[in-house]
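Worksheet for the structure shown next.
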Amino acid sequence: MAYWLMKSEPDESSIDDLVKAKKQTTAWFGVRNYQARNYMRDQMRLGDGVLFYHSSCEVPGIAGIAKVASKPYPDASQFDRKSEYYDPKSTREEPRWQLVDVAFDKKFDRVVSLEELKQHADELEGFTLLNRGNRLSVFPVDKKHYDQVLKLEKGK
DNA sequence: GCCAACGTTGGC
DNA sequence: GCCAACGTTGGC
């Protein structure tokens, strides 16, 4: 089983939205970066753990945990002319963008903020989120870092 | 295939 | 709103 971090702007889709969603599951639409897509398309497996990260908000940080809940399939928004994620270069025959569904697992009692994570940079050595200039919205996380985040959330 | 210009991400 | 970092585009 692998672990991932997936970023979302809470204005757009937050951990609370996932709680309220039908079957507590959502399609992770709108990723338009090839590297992020490739992780979803080629490497994610059902049941993989996902750190749900809130970005571009008052307190950026990890808000909870989700699980990969589907195999990859085409992102419908790429075909929707009215969507901000519409991609005129994509076709139904050869869709460019793939996504997975993500299911709610757990909301943290408190957001483990980016600031707090930075304060624990020693234990989190190598955690991609803390790398300089990291902008990727989907990337793999080592189990040790995943576990460390859970420990931090519990105040250990 | 290089690389300058431009666009986007995302923290601050 | 600023801007560093980095991805993408397009001319050559």
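Residue numbering restarts at 1 for every chain, and letters A, B, ... go by the order of the sequence lines.
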> Which listed nucleotide (B:dC12, B:dG7, C:dT9) is nearest to the side chain of A:Lys118?
Replying inline: B:dC12
> Roughly, in whole Å, what's the span from CD in A:Gln35 to P in B:dT9?
Replying inline: 15 Å
>> It should be established whether A:Arg132 places a side-chain nitrogen or oxygen under 4.0 Å from OP1 or OP2 of nucleotide C:dA5.
In response: yes
> Rounding to a whole Å, what distance do you find between A:Leu114:CG and B:dT9:P?
Replying inline: 18 Å
> Out of B:dG10, C:dA5, B:dG11, which nucleotide sits closest to the side chain of A:Tyr53?
Replying inline: B:dG11
>> For a quick check under 3.5 Å, do A:Tyr73 and A:Asp101 share a side-chain donor-acceptor pair by atom type?
In response: yes
> Roughly how many Å is it from CG in A:Asn131 to P in C:dA5, rounded to a whole number?
Replying inline: 13 Å
Tabulate below the donor-acceptor pairs under 3.5 Å that side-chain atoms of residues 48-66 of chain A make, not counting sequence neighbours, or state none.
from, atom 1, to, atom 2, distance (Å)
A:Asp48, OD1, A:Ala2, N, 3.1
A:Asp48, OD2, A:Trp4, NE1, 2.9
A:Asp48, OD2, A:Arg45, N, 3.0
A:His54, NE2, A:Ile15, N, 3.1

>> Output the rounded distance in Å from CD (A:Glu115) to C1' (B:dG11).
In response: 12 Å
> CD of A:Glu84 versus P of B:dT8: gap in Å, rounded?
Replying inline: 11 Å
> Atom OH of A:Tyr34 and atom P of C:dC6: how far apart are they, to the nearest Å?
Replying inline: 20 Å
> How long is the line joining CG of A:Leu136 and P of C:dT8, in whole Å?
Replying inline: 10 Å
> Going by the ring pair (Phe, Tyr, Trp, His ring centres under 6.0 Å) test, which pairs reach into residues 95-114 of chain A, not counting sequence neighbours?
Replying inline: A:Tyr34-A:Trp97
>> In whole Å, I'd like the distance from the CG atom of A:Leu129 to the C1' atom of B:dG10.
In response: 11 Å
> Between A:Ser137 and A:Arg32, do the side chains contain an N or O donor and an N or O acceptor separated by less than 3.5 Å?
Replying inline: no
> Which residues, if any, of residues 90-98 of chain A bring a heavy atom under 4.0 Å of DNA chain C?
Replying inline: none
> Would you find more than 12 non-hydrogen atoms of other residues, nucleotides or ligands less than 6.0 Å from A:Asp109 atom CG?
Replying inline: no
>> I'd like to know if A:Arg32 reaches the base of B:dT8 with its side chain, counting only an N/O donor and acceptor under 3.5 Å.
In response: no
>> OP1 or OP2 of B:dT8 versus the side-chain N and O atoms of A:Tyr85: is any pair under 4.0 Å?
In response: no
>> So for atom NZ, which belongs to A:Lys106, do other residues, nucleotides or ligands contribute more than 12 heavy atoms lying within a distance under 6.0 Å?
In response: yes
> Going by atom types alone, do A:Asp16 and A:Ser14 pair a side-chain donor with an acceptor below 3.5 Å?
Replying inline: no
> Does A:Lys7 make a side-chain N or O approach to OP1 or OP2 of B:dG10 shorter than 4.0 Å?
Replying inline: yes
